[in-house]
Undergrad: 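A single structure is presented below for examination.
The first residue of the sequence shown is numbered 1, and numbering continues consecutively from there.
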Amino acid sequence: MSSIQTEFQIPSLETWAKAASKSAPGGKLEALNWLTPDGITVKPLYTAADTAGLSHTDTLPGFEPYLRGPQASMYAVRPWTIRQYAGFSTAEESNAFYRKALAGGGQGVSVAFDLATHRGYDSDHPRVTGDVGKAGVAIDSVEDMKILFDQIPLDKVSVSMTMNGAVLPVLAGYVVAAEEQGVAQDQLSGTIQNDILKEFMVRNTYIYPPAPSMRIIGDIIGYTARNMPKFNSISISGYHMQEAGANQALELAFTLADGKEYVKTAIATGLDVDEFAGRLSFFWAIGMNFYLEVAKMRAARLLWCRIMKGFDAKSPKSLMLRTHCQTSGWSLTEQDPYNNVVRTTIEAMAAVFGGTQSLHTNSFDEAIALPTEFSSRIARNTQLIIQEETHITKVIDPWAGSYMMEKLTQDMADAAWAIIEEVETMGGMTRAVDSGWAKLKIEAAAAEKQARIDSGRDVIVGVNKYKLKTEDAIEARDIDNVAVREGQIARLKIIKQNRAPALVAAALSAITSAANDGTGNLLDLSIKAIRLRATVGEVSDALENAFGRHRADTNKVSGVYAAAYDSDSTHGDTMAFWNALKADIAEFAQTQGRRPRVMISKLGQDGHDRGAKVVATAFADLGFDVDMGPLFQTPEECARQAIENDVHAVGVSTLAAGHKTLVPAIIAELKKQGADDIIVFVGGVVPRQDYDFLYAAGVKGIYGPGTPIPVSAQDVLAQIKKALAD
């Protein structure tokens, strides 16, 4: 039977435009265009004219420029790897979770470490009392690492480790644990993140300054290239940039610019580009901007091929960009949390359509607490359903040839390339990061995004539109931080009692000497120390003795949040509320002789400062005097600064589950120092089951994810007035 063909009379574009404009706001067709946060105009209709002259539309997957995928057959032969990023409490508990996930369809292990480990502190260090085991698994030595991978065959299961600051002792611990499992280094497969430039911009789990940190990266790339040929030595991450507020073009540009810097670093150590470039991988966030996320991933492969040709790379493996993706954590809402299942599914689809090589889907309850087994299973099954039931895997790059997607891919590539060229004029990404310029660009984007949400211009279902009158409580995982820390301290004592102290001291001294004089390979020396049962903290201290510990600036952007509010004329109620609140603050200043003064603080080792920076920016734009505490403060240090700065209130931003330990400690410390008139409020990820505990401890206000900043600011102002009246 022949195919059915029908003759159609195709109207001109002018005819279509006339018809479409009748229903467009104000009768203007341009009103249907969408200007993305990246500055890209997305039109309601694309035609062949939009793709005329684009050279990439006739390319094929598995061949330069790899826009349509790094492998010729892509998912038609082998779907992406299903990963579950997880880690909590002790190595024993995390190991049980990994084994259950692998039995339930997971295909690789992705390890989340606690913040004490990230920052190079052993669990017995006084600065990490609230962080041990809370937002990841506590790892102090190779003995913990051996338990973490017990009964997980490391010659068969690939392991991804999100680690940057304490990358040397952690990677060394993995290598030694494998050796003692009987697995040689050349059999290990997986990825170590090892992406320190991103840490200085957004995530802040750095330890050493930028220059020595780049030395560490070069040593790891060199060592793994020669000894671990199946292991990816670096995962260049844009994920945390988008989570911190970057739009897709910024995430793409800064991540690829970081990649360029790492390639330069490795070449400077004497490596040939094709000797190591095939083991570089990337890591993207996948948010709710569906079309842009697909285009971003396609554009990333196009641009990376261009960048690597600039380094005269010859091997196809050096030219192709391989990537892991993770659905957004920031897009998850505390309010009406089952909506997050839908959000994660849509984001997972974008990652798949974009051609990811592995994927982690976040659990619906992660805006509240660490995921439960129930929520983790739903997240994992989301990927299994896409792989097994939808038949999406049968077609390679199904968006190819779409007028819209091909044009959007080119627009995304052009927008990112312009930023990359700007970075190059500054001398490269290390200088762009060191100057603070890159971090401020991301923070400005974050403030603008939050203002669009708070004003109602960007809709978040269940948060600023279609809100429930009452929220049902859901189960949340809670970690007994005190018990975990006590167990870790006990294990540390046993390890130190049963090792050879002189040999350990010599191994640690060798690390310090090599760090000082630039000789030797720091990963090789760390492996030798870890074999002798040196701890993560001891290896980190040996390096810190030579490199020092980095201290970040606490600059904040100004005016961006207010500008986004002021540019919105479509939501009169929110504008009226904003202006009335500014007037109240101005009246307070006139009455009291000074403006209300707040200090925004981050306690413990939680370096995720997007929320803190955005709140500080918005409060300042409203008329508050705002002080920013430095990252990684102890409660004692925070209280001292608050008293010295004569603030009315301290706002604690928490995302790492340390609030039940650290917030009561700051309240107690203020009281101890005679400043219990300073009120304390909390914002961030706090399970509702913990609200009563915090209120009983003396907290005056708790503002979870989705709380409009002007609403929290109004409440803080009211609490300050009440405290002064009392």
Undergrad: Quick check: does any side chain N or O of Asp122 sit under 3.5 Å from a backbone N or O of Gly537, one acting as donor and the other as acceptor?
TA: yes
Undergrad: Among pairs that include at least one residue of residues 360-388, which meet salt bridge (charged side-chain N to carboxylate O under 4.0 Å, His left out), considering only residues two or more places apart or in two chains?
TA: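 Output for this query lists Lys100-Glu373.
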Undergrad: Within the supplied structure, the quantity of interest is the number of heavy atoms (other residues, nucleotides, ligands) at a distance under 6.0 Å from Phe311 CZ; does it exceed 12?
TA: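 It does: Phe311 CZ has more than 12 such atoms within range.
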Undergrad: I'd like to know if the side chain of Thr269 reaches the main chain of Ala266, judged simply by a donor and an acceptor atom lying under 3.5 Å from each other, with no hydrogens or angles considered.
TA: yes
Undergrad: Does any donor atom in the side chain of Thr81 or Arg83 lie under 3.5 Å from an acceptor atom in the other side chain?
TA: no
Undergrad: For the CZ atom of Phe283 and the NE2 atom of His240, what is their distance to the nearest 0.5 Å?
TA: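 It is 5.5 Å, given to the nearest 0.5 Å.
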Undergrad: Looking at Arg119 and Tyr206, would you say the former's side chain and the latter's main chain have a donor-acceptor pair under 3.5 Å?
TA: yes
Undergrad: Can we say Arg491 and Asp144 salt-bridge, meaning some charged N sits less than 4.0 Å from an Asp/Glu carboxylate O?
TA: yes
Undergrad: Does the side chain of Trp284 pick up a donor-acceptor pair with the side chain of Glu293 at under 3.5 Å?
TA: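 Side chains of Trp284 and Glu293: no pair found under 3.5 Å.
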Undergrad: Please tabulate, one pair per line, all N/O donor-acceptor pairs under 3.5 Å involving side-chain atoms of residues 145-155, not counting sequence neighbours.
TA:
from   : atom 1 : to     : atom 2 : distance (Å)
Lys146 : NZ     : Glu180 : OE1    : 3.0
Gln151 : OE1    : Arg99  : NH2    : 3.3

Undergrad: Does the cation-pi check pass for Arg549 over Tyr121, that is, NZ or CZ under 6.0 Å from the six-membered ring centre and within 45° of its axis?
TA: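 Pair Arg549/Tyr121 counts as cation-pi.
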Undergrad: Can you tell me how far apart CZ (Phe200) and NE2 (His550) are? Round to the nearest 0.5 Å.
TA: 5.0 Å
Undergrad: Any side-chain heavy atom of Tyr223 within less than 4.5 Å of one from Leu522?
TA: no
Undergrad: Is the closest basic N to carboxylate O distance between Arg298 and Asp397 below 4.0 Å?
TA: yes
Undergrad: Quick one: closest heavy-atom pair of Asn204 and Phe632, and the distance?
TA: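 Shortest heavy-atom separation between Asn204 and Phe632 comes out as O-CZ, 2.9 Å.
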Undergrad: Mind checking side-chain hydrogen bond (donor to acceptor under 3.5 Å, both in side chains) for Glu261 and listing every partner two or more places apart, or none if nothing turns up?
TA: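 With sequence neighbours excluded, Glu261 shows a side-chain hydrogen bond (donor to acceptor under 3.5 Å, both in side chains) to Thr430, given in chain and number order.
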Undergrad: Can you see whether Gln326 engages Glu243 through a side-chain donor-acceptor pair at a distance of less than 3.5 angstrom?
TA: no
